[in-house]
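Take a look at the structure below.
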Amino acid sequence: MAGLLTISSVAQDNNELPIKGFCIAAPRPDRVDDFIKFIDEELAPAQVNTLILRVDWNYQYSSHPELADSIALSSKDVKRMVRICQENNINLVPQINLLGHQSWAGTAYSLITLYPEFDETPHVEMPENYEWPNDDGLYCKSYCPLHPEVHEVVFALVDEICEVFEASHYHAGMDEVFYIGHDSCPRCSGHDKAELFAGEVNKIRDHLALKDRTLMIWGDRLIDGKTSGMGLWEASYNNTHRAIDMIAKDVFICDWHYERAEQSAVYFAMKGFKVATCPYNKPEIALEQIDDMKGFISNANPKLLPRYQGIIQTIWSGAGSFMDRYYKHIENPEAKTGSVACTVTVLGEFAK
Ligand SMILES: [Zn+2]
């Protein structure tokens with residue numbers, strides 16, 4: 001009997017998700033109090049143990065104050081979030097988008113505005129009324145990974161944000177990079193796009209490794225869109241996917257899929273990467289993704305088992321507007337779908 005009990009408790013342990021994660025934009029300074037409450041009263045009781053905060057330009061960088069938003073988090077604000085996460089055993093992971101996402105819709109962000117020489121496609125002007133699709137193929141601007149001065153600037157930001165967050169992990173984004181190895185770039189033109197992408201991932205990974213920090217990235221550029229049938233955003237149609245065989249195996253992959261419970265976590269695990277599956281706004285898909293991840297874990301051989309790292313719920317609105325909608329929903333749950341309903345579903349599963 002004792003033997004049977006041991007076996008069943010091992011099986012149950014194997015079903016546990018190592019990472020129960022949540023990813024959202026860092027709050028603006030005036031919502032830090034609310035956000036600390038949200039961490040303490042909503043995320044921690046649901047056993048969330050990893051919180052990725054997209055900081056980008058919402059921090060008063062002392063290394064490059066010119067790049068910060070006019071209203072941005074202070075180090076004191078950040079330290080308060082660091083403490084509440086430490087008290088609740090939550091691994092707090094800062095994100096600044098590197099390489100891609102240097103603009104959004106009609107707005108270019110400060111890196112390429114203040115350092116226009118870093119822009120991979122300076123000839124593409126930001127449109128007044130952004131539309132997709134457009135003649136320029138503009139989704140988001142990228143910086144040029146081969147510009148000789150870009151890393152001095154971005155690594156100063158990375159070091160500073162990791163320091164103030166006391167971070168063991170750093171998320172570099174790197175999703176949806178449509179502009180890479182552009183024909184018009186005097187440095188990148190003619191280069192293999194997979195090599196360019198992998199080169200940038202490895203450069204960031206190596207920089208973080210100097211201080212024993214782990215790099216996390218979104219997985220979409222590493223999936224072949226044409227062969228897999230996955231969409232233009234969640235997979236690559238610009239020949240970056242072969243980078244999967246060129247990047248260091250200790251890069252952590254956040255594998256986001258929002259329309260279907262794609263099982264590409266297995267692909268990343270088989271390639272040697274730690275991976276978490278990331279839902280967003282469809283509760284029924286999130287439930288399948290959680291179920292799949294638990295299945296991968298319970299069926300994995302000992303070599304693959306540590307690579308299946310769990311689930312990270314992703315939110316793409318600001319923290320303030322999300323919290324407003326979240327508390328409204330808790331009081332009066334009307335919507336059956338959407339990012340709030342999905343978050344409530346995922347947190348409920350985490351807490352079980
Ligand atoms: Zn370039």
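First listed ligand is number 1; within each ligand, the first listed atom is number 1. Model, not experiment: these values are computed from the prediction.
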Report the relative orientation of the aromatic rings in W233 and F178; use parallel for angles under 30°, tilted for 30 to 60°, perpendicular for over 60°. tilted

Contact flag C185/the Zn ion (ligand 1), N/O/S atoms, threshold under 2.8 Å: yes

Looking at the Zn ion (ligand 1), is there an N, O or S atom belonging to C144 that lies under 2.8 Å away from it? yes

Decide if the gap between the ring center of W57 and the ring center of W104 is smaller than 6.0 angstrom. no

Between P29 and S74, is any pair of side-chain heavy atoms under 4.5 Å apart? no

Taking the Zn ion (ligand 1) as the reference point, name the nearest N/O/S atom of E120. OE1

Does NZ or CZ of K37 fall inside the cone over Y327's six-membered ring, less than 6.0 Å from its centre and within 45° of the axis? yes

